[in-house]
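Keep in mind that what you see is a predicted model, and the values were worked out from it rather than measured. Throughout, a chain's letter reflects where its sequence line sits, starting with A, and its residues are numbered from 1.
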Number of protein chains: 2
Amino acid sequence: MPNYYNEQTKFYVSVDCAIFGYSDGILKLLIHKRPYDPGKGDWSLIGGFVEKDESIDDAAKRVLTEFTGLDKVYMRQLGAFGEVNRDPGERVISITYFALIDVAKYKKGKAQHTAEWVDMNLLPELIFDHDRMVSQSLKKIQSLIWEEPIAANLLPKLFTLTQLQRVYEVVLGKELDKRNYRRNVQEQGFLVKTNKIDKKTSKRGAALFQVNPLLAIENS
Amino acid sequence: MPNYYNEQTKFYVSVDCAIFGYSDGILKLLIHKRPYDPGKGDWSLIGGFVEKDESIDDAAKRVLTEFTGLDKVYMRQLGAFGEVNRDPGERVISITYFALIDVAKYKKGKAQHTAEWVDMNLLPELIFDHDRMVSQSLKKIQSLIWEEPIAANLLPKLFTLTQLQRVYEVVLGKELDKRNYRRNVQEQGFLVKTNKIDKKTSKRGAALFQVNPLLAIENS
DNA sequence: CCAAAAGTGTTATGGATACACCCATGA
DNA sequence: TCATGGGTGTATCCATAACACTTTTGG
């Protein structure tokens with residue numbers, strides 16, 4: 001066979017990103033109104049097509065940067081979605097990623113008029129199989145949150161333990177015992193106490209922590 | 001934009017299957033000598049291209065059936081591998097699956113001359129990124145083995161608890177305490193004792209078990 | 001002076017681990 | 001009769017869960 005590849009079918013391949021954020025004590029998802037048919041105007045995850053000379057991971061990073069202005073963001077692949085008719089417009093195979101970002105750093109990029117942070121508890125129905133992508137992403141984040149220092153990606157660089165506790169609580173969907181949580185999270189060794197004090201959220205002031213810079217997870 | 005899709009690049013999409021089997025107390029992987037360039041003659045996972053009108057899951061099932069003669073096999077998606085030059089011949093995005101099958105049921109199919117069951121401990125180097133696919137698959141199987149009744153997929157329909165224990169041990173790579181293992185595996189509720197007795201492996205005879213038919217996991 | 005959040009240890013409980021002997025049978 | 005694998009229960013340990021009070025300070 002002279003060139004085996006040539007006989008094969010090619011496919012559009014997209015990346016869809018479930019971008020999670022946190023503000024006001026609420027877990028949010030960045031979604032936007034799809035600007036073209038099919039499904040024009042329907043809510044959709046942030047996505048885009050993989051381009052010729054970029055890896056799928058790079059495509060996901062590029063899309064995320066285009067839509068949020070951020071790079072070096074914590075992002076992981078969830079998996080591939082490849083039902084024949086998942087996109088009724090054309091056959092498109094989607095590789096799904098999830099990301100955790102600090103909403104405060106978010107800058108409107110592409111889709112600036114139609115992108116919104118939506119309360120995860122009030123999520124509208126999403127297009128195609130995007131609902132499944134979101135629920136599977138959240139499950140994976142829940143299973144990773146005690147394994148890797150990912151929760152802090154939803155907060156500014158410096159944060160108090162109480163702020164981080166709220167993040168754990170909204171991600172896991174349940175309240176945590178303050179003392180047990182503090183013991184657990186500190187035993188992990190992800191966090192280092194800075195000598196700075198946050199005076200905004202309490203009169204007494206709370207110690208500000210950051211993720212151990214040696215662990216800088218982010219991408220990769 | 002009249003048809004947004006048309007402006008996009010298309011890609012070859014393949015499925016690669018890490019097919020695990022078990023015999024003689026050893027965990028094995030089905031690999032074959034790649035029949036075409038690049039890498040002709042090198043060891044490779046079982047794989048094939050996704051075709052026009054099949055989902056990626058169906059493509060993986062088809063490839064598995066073509067190479068093993070088996071259907072209704074336990075198979076799960078691992079994830080997508082999409083480095084630009086992962087396949088030096090052409091840009092190919094691969095969706096990787098792993099499967100657990102009963103080696104005794106295996107029939108040589110496609111690649112009958114070059115496919116082999118190889119001891120996981122003596123695995124040769126595989127082509128491209130297939131080594132990573134295998135090690136990630138094994139990790140995922142290890143994390144699922146106590147969650148879902150997947151280990152029995154490596155055995156015939158009826159098996160003794162001791163046979164199943166060996167499967168757990170070779171998958172997890174460590175010895176298990178017989179009494180603890182038996183308590184755990186029976187508490188899961190996956191197994192039902194049949195009234196049949198296996199006399200082949202012991203003089204006394206051992207009760208034969210099967211997976212609760214209501215749980216028939218297989219594909220899906 | 002008091003409301004509001006920060007910070008801190010100990011006990012209780014339940015799941016996981018370690019461990020040893022009797023049973024049934026074919027050769 | 002004995003060698004071989006089958007089958008069974010309990011005590012210990014460790015990790016997780018439950019639980020309440022003192023501190024600090026801005027208003």
Side-chain angles (χ1 to χ4, degrees), chain A residues 22-26 142-149 151-152 155-156 158-211, chain B residues 22-26 142-148 151-152 155-156 158-210:
Chain A
Y22 169 85
S23 65
D24 310 314
I26 292 171
Q142 289 171 341
S143 74
L144 286 173
I145 199 168
W146 288 114
E147 310 297 326
E148 300 179 13
L155 292 173
L158 297 176
F159 49 85
T160 68
L161 290 182
T162 301
Q163 287 166 348
L164 187 62
Q165 182 177 351
R166 298 283 162 260
V167 171
Y168 273 77
E169 290 176 336
V170 296
V171 168
L172 295 171
K174 64 175 181 189
E175 298 203 342
L176 299 176
D177 176 87
K178 181 163 56 161
R179 281 171 291 184
N180 291 338
Y181 150 77
R182 284 179 178 232
R183 178 162 10 86
N184 294 152
V185 86
Q186 301 206 66
E187 271 173 5
Q188 318 256 113
F190 300 152
L191 302 183
V192 291
K193 192 177 191 167
T194 67
N195 53 12
K196 301 201 183 68
I197 304 287
D198 171 74
K199 300 288 284 183
K200 276 174 292 225
T201 55
S202 82
K203 295 167 182 174
R204 175 175 171 178
L208 285 163
F209 286 72
Q210 65 180 53
V211 175
Chain B
Y22 169 86
S23 65
D24 308 315
I26 292 170
Q142 289 171 340
S143 75
L144 287 172
I145 199 168
W146 289 113
E147 311 296 325
E148 299 180 13
L155 292 173
L158 297 176
F159 49 85
T160 68
L161 290 183
T162 301
Q163 286 166 350
L164 188 62
Q165 182 177 351
R166 299 283 163 259
V167 170
Y168 273 77
E169 290 178 335
V170 295
V171 168
L172 294 171
K174 63 174 183 190
E175 298 203 341
L176 298 176
D177 177 88
K178 180 162 60 162
R179 280 172 291 187
N180 292 338
Y181 150 77
R182 284 179 178 231
R183 179 164 6 87
N184 294 152
V185 86
Q186 301 206 65
E187 273 174 2
Q188 318 254 113
F190 299 153
L191 302 184
V192 292
K193 192 177 192 167
T194 67
N195 52 13
K196 301 199 182 71
I197 303 287
D198 170 74
K199 301 287 284 183
K200 276 173 294 227
T201 55
S202 81
K203 294 166 182 174
R204 174 175 172 178
L208 285 163
F209 285 72
Q210 64 180 53

Within the structure, does a side-chain N or O atom of [X] lie under 4.0 Å from either OP1 or OP2 of [N]?
X	N	value
Ser202(A)	dA6(C)	no
Arg182(B)	dG7(D)	yes
Lys199(B)	dG26(C)	yes

Crowding at CD, Gln186(A) (>12 non-hydrogen neighbours, <6.0 Å): yes
Heavy atoms from other residues, nucleotides or ligands near CD of Glu175(A) exceed 12 (cutoff 6.0 Å): no
Comparing Gln186(B) and Asp177(A) on DNA chain D - which has the more 5′ nearest nucleotide: Gln186(B)
Arg179(A) or Lys174(A), whichever maps to the more 5' nucleotide of DNA chain D: Lys174(A)
Ignoring hydrogens and angles, does a donor from either the side chain of [X] or the base of [N] sit under 3.5 Å from an acceptor on the other?
X	N	answer
Arg204(B)	dA24(C)	no
Asn180(B)	dA18(C)	yes
Lys203(B)	dG6(D)	no

Measure the distance from [atom1] on [X] to [atom2] on [N] and round it to the nearest whole Å.
X	N	atom1	atom2	value
Asp198(A)	dA5(C)	CG	P	12 Å
Lys193(B)	dG6(D)	NZ	C1'	10 Å
Arg183(B)	dA11(D)	CZ	P	13 Å
Gln188(B)	dA16(C)	CD	C1'	14 Å
Gln165(A)	dT8(C)	CD	P	14 Å
Lys178(B)	dA18(C)	NZ	P	17 Å
Asn184(A)	dG9(C)	CG	P	16 Å
Tyr181(A)	dG9(C)	OH	P	17 Å

Test of ring centre spacing under 6.0 Å for Phe159(A) and Phe209(A): no
Leu158(B) to Gln210(B) - nearest heavy-atom pair and separation: CD2-OE1, 3.6 Å
Thr162(B)-Arg182(B) side chain donor-acceptor pair, cut-off 3.5 Å: yes
Touch class at under 4.0 angstrom, heavy-atom based, for Thr160(B) against every strand present: nothing
5'-most by nearest nucleotide on DNA chain C - Gly205(B) or Arg166(A): Arg166(A)
